[in-house]
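The structure appears right after this line, and notes come after that.
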Amino acid sequence: MPDLAEIQRAAQAIAGTAERTPYVISSALSALAGQEIGLKLETRQPIGAFKIRGAANAISRLSPEQARRGVGCCSTGNHGRALAYAAAKNGIRAIVCLSSLVPQNKVRAIAELGAEVHRIGKCQDDAQAEIDRLVADEDITDIPPFDHPDIIAGQGTIGLELLEDRPDLDAIVVPLSGGGLISGIAIAAKAMKPEIKIIGVSMERGAAMQASLAAGHPVEVTELPTLADSLGGGIGLNNRWTFDICRRLVDEIILLSEAEIYRGMQHLARKEGLVVEGAAAVGPAALLASKLKPAGPMAMIISGQNIDQRQFDLIAAGKPVQVGDITVEG
Ligand SMILES: *Cc1c(COP(=O)(O)O)cnc(C)c1O
């Protein structure tokens with residue numbers, strides 16, 4: 001499992017591709033919580049999400065031979081975009097496999113970065129089967145979105161920055177899907193401050209890590225449309241890294257309804273002046289839903305901004321939005 005030294009090495013490797021992001025105090029959320037609540041704005045990364053950190057680190061670790069043959073991934077959107085960006089910056093070929101659940105705005109953004117896009121199947125697992133075929137047929141290197149030590153170490157650089165900026169943090173609240181983000185942050189933060197609490201937040205509609213931890217092993221969950229589309233997908237039945245790291249280092253997992261996520265997004269739009277996608281709003285949403293009880297300074301990872309413009313406009317205006325077969329309103 002990656003350790004603090006590896007995360008520190010990743011911080012060096014990604015400088016110049018990923019940004020050190022701002023950490024800003026939210027007056028509105030701090031007043032509500034009675035504790036200082038800070039927002040780590042990964043929305044300010046070049047591709048609008050933290051995944052540039054892991055992708056840039058993984059690209060930096062390729063052998064010259066691997067770099068020559070190219071890289072690929074399957075992705076709910078932001079990892080594909082990050083890999084496409086980091087690969088292009090290094091003149092490396094990238095292939096990104098996406099399921100039909102990935103929103104069109106994200107598909108377009110990946111193609112515009114120069115990656116080859118393969119749209120395939122209805123879920124992450126179908127997209128993964130396509131990447132497995134490409135690894136076998138074309139000898140490209142699969143860089144998975146979360147279950148890989150270099151990805152975990154890259155995402156962990158957020159934990160380093162947070163504790164350098166705020167050594168007195170009591171807890172970090174992290175959007176949770178496959179668990180690369182929370183694993184890296186937990187390793188870094190607990191190495192620097194063992195008593196810090198790491199809290200994951202997922203949506204009720206398909207919380208794969210939470211269901212897996214409850215079962216004691218990785219399980220499949222039905223993938224459903226959700227406002228937090230970047231949190232969709234399973235953790236992989238052959239999960240090698242993030243399941244064990246989460247079991248050991250995550251203190252609590254909170255689940256949110258679609259209406260609660262909607263209210264988090266609306267709060268960030270109206271009160272904080274932030275454009276965020278659903279996955280990024282789950283920390284504030286959990287606080288607004290009274291599912292978090294801060295006992296000291298608390299950081300929330302605002303993980304990405306890549307939302308469909310029309311969906312954002314509707315939520316900021318307080319209008320209902322259609323998410324697959326359901327209608328969501330605050
Ligand atoms: C990928 C992603 C997450 C979840 O990260 P995991 O490492 O899969 O847990 C959260 N928010 C956004 C915006 C993402 O793109």
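Residue indices begin at 1 and follow the sequence shown. Atoms within each ligand, like the ligands themselves, are counted from 1 in listed order.
For Lys51, every heavy-atom contact with ligand 1 shorter than 4.0 Å involves the side chain, none the backbone. At a heavy-atom distance under 4.0 Å, no atom of His79 approaches ligand 1. If you look at Ala49 next to ligand 1, there are no close heavy atoms at all, none under 4.0 Å. Contact annotation for Leu181 and ligand 1: heavy atoms of both the backbone and the side chain come within less than 4.0 Å of the ligand.
Numbered from 1 in the order shown, with element, the atoms of ligand 1 that lie under 4.0 Å from a heavy atom of Phe50 read 1 (C), 2 (C), 3 (C), 5 (O), 10 (C), 11 (N), 12 (C), 14 (C). Every atom of ligand 1 with a heavy atom of Asn78 under 4.0 Å away is listed here by number and element: 13 (C), 14 (C), 15 (O).
Under the 3.5 Å distance criterion, with hydrogens and angles disregarded, a donor-acceptor pair is assigned to the side chains of Glu258 and Thr226.
Shown here is Arg247, whose CZ atom has more than 12 heavy atoms of other residues, nucleotides or ligands within 6.0 Å.
Among the atoms of Leu231, none of the N or O lies under 3.5 angstrom from an N or O of ligand 1. At least one N or O atom of Ser303, backbone or side chain, sits closer than 3.5 Å to an N or O atom of ligand 1. Inclusion of Gly180 in the set of residues having an N or O under 3.5 Å from an N or O of ligand 1 is warranted. At a 3.5 angstrom cut-off on N or O pairs, Gly179 counts as close to ligand 1.
Shortest non-hydrogen contact noted between Ala208 and Gly234 is CB-CA, 3.8 Å.
Rounding to the nearest 0.5 angstrom, the gap separating the CG atom in Leu41 from the CD1 atom in Ile302 is 7.0 Å. Gln8 contributes atom CD, which lies 4.0 Å from atom CG of Leu4 (distance to the nearest 0.5 angstrom). The CD atom of Gln311 lies 5.0 Å from the CE atom of Met265; values are rounded to the nearest 0.5 Å.
Using a 4.0 Å cutoff on heavy atoms, Ala280 does not count as a contact of ligand 1.
Partner of Ser26 under the side-chain hydrogen bond (donor to acceptor under 3.5 Å, both in side chains) criterion, out of His267, Glu272, Glu36: Glu272 alone.
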